[in-house]
Amino acid sequence: DTAVSQTPKYLVTQMGNDKSIKCEQNLGHDTMYWYKQDSKKFLKIMFSYNNKELIINETVPNRFSPKSPDKAHLNLHINSLELGDSAVYFCASSQRGVQVNTEAFFGQGTRLTVV
Amino acid sequence: AQKVTQAQTEISVVEKEDVTLDCVYETRDTTYYLFWYKQPPSGELVFLIRRNSFDEQNEISGRYSWNFQKSTSSFNFTITASQVVDSAVYFCALTGGSQGNLIFGKGTKLSVKP
């Protein structure tokens, strides 16, 4: 069983379209994340949800909207896609607390190409 | 502010050589966690190790070893007797405070040639 699964793995779309990436974790973790990896391989946090509550919202265009229907799911919706949105998007989950932060487990990534 | 620096952008070695990947971090948190992740050419991110700020013991796992030194804010990673399958981008990361998200270094691309 895959611990963190995200779909689709590849997404090719035209500028201006709206698309979603889905993520699910079966680890029982309370915190989920979206990271973006650019063409230079740099990984940066976009959003973080803890028990369905948004706790991190980095400087990301408001065309990006995360949605967490429950603790095990964190989807990413992107409106009006632009060429610069092309990147690999990783979903991750971890167990976060005052005394401990477990390692984050990552999904396989979604390679988004905007043409 | 938290920051992770991996000064080595790319390293190329020949199989069976030992190689050390450097990681230097900055944080004002007294409790924090350090991680190494591997990203092979297939693209997934694979967790290698987690170390908390109170545990400075070095760790060895097979051919992998990690040296954590708070005095120099470093968490270096050594691969002994490297193999072609070790070729990947390796990321050092830091988390702490109340946020829990990972702050990644820019990664070191390791190429191991036969």
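So that the names make sense, note that chain A is the first sequence line, chain B the second, and so on, each numbered from 1. Since the model is a prediction, treat every value here as computed from it, not as a measurement.
Here CG of A/Leu43 is found 5.5 Å from CG of B/Leu45. Values are rounded to the nearest 0.5 Å. Between the OG1 atom in B/Thr95 and the CD atom in A/Glu103 there is a gap of 12.0 Å [rounded to 0.5 Å].
Contacts with chain B were tallied for A/Phe90, A/Phe42, A/Tyr35; A/Tyr35 has the most, counting heavy-atom pairs under 4.5 Å. Contact count versus chain A (heavy atoms, under 4.5 Å) is highest, among B/Leu102, B/Val89, B/Ile103, for B/Leu102. Annotation: maximal heavy-atom pairing with chain B below 4.5 Å, among A/Ala104, A/Gly107, A/Gly109, occurs at A/Ala104.
The six-membered or imidazole ring of B/Phe47 lies away from that of A/Phe106, with a centre-to-centre distance of 6.0 Å or more.
Proximity to chain A among residues 104-114 of chain B is limited to B/Phe104, B/Gly105, B/Lys106, judged by heavy-atom separations below 4.5 angstrom. Taking 4.5 Å as the heavy-atom cut-off, none of the residues of residues 63-76 of chain B approach chain A.
Under the 4.5 Å side-chain heavy-atom criterion for ILVMFWY residues, a single connected hydrophobic cluster contains both B/Ile49 and B/Val4. B/Val24 and B/Leu48 sit in two unconnected hydrophobic clusters of ILVMFWY residues. Membership requires side-chain heavy atoms under 4.5 Å apart, directly or through other members. Taking hydrophobic clusters as Ile, Leu, Val, Met, Phe, Trp and Tyr residues chained together by side-chain heavy-atom distances below 4.5 Å, A/Tyr49 does not share a cluster with A/Ile45. Linking Ile, Leu, Val, Met, Phe, Trp and Tyr residues whenever their side-chain heavy atoms come within less than 4.5 Å places A/Leu11 and A/Met46 in a single cluster. Residues B/Phe77 and B/Leu34 share a single hydrophobic cluster, defined by chaining ILVMFWY side chains whose heavy atoms lie under 4.5 Å apart.
Counting heavy-atom neighbours within 6.0 Å of B/Ile60 CD1, excluding the residue itself, gives a total of 12 or less. In the displayed structure, B/Arg51 atom CZ is contacted under 6.0 Å by more than 12 heavy atoms of other residues, nucleotides or ligands. Counting non-hydrogen atoms of other residues, nucleotides and ligands closer than 6.0 Å to OH of A/Tyr10 gives a total of 12 or fewer.
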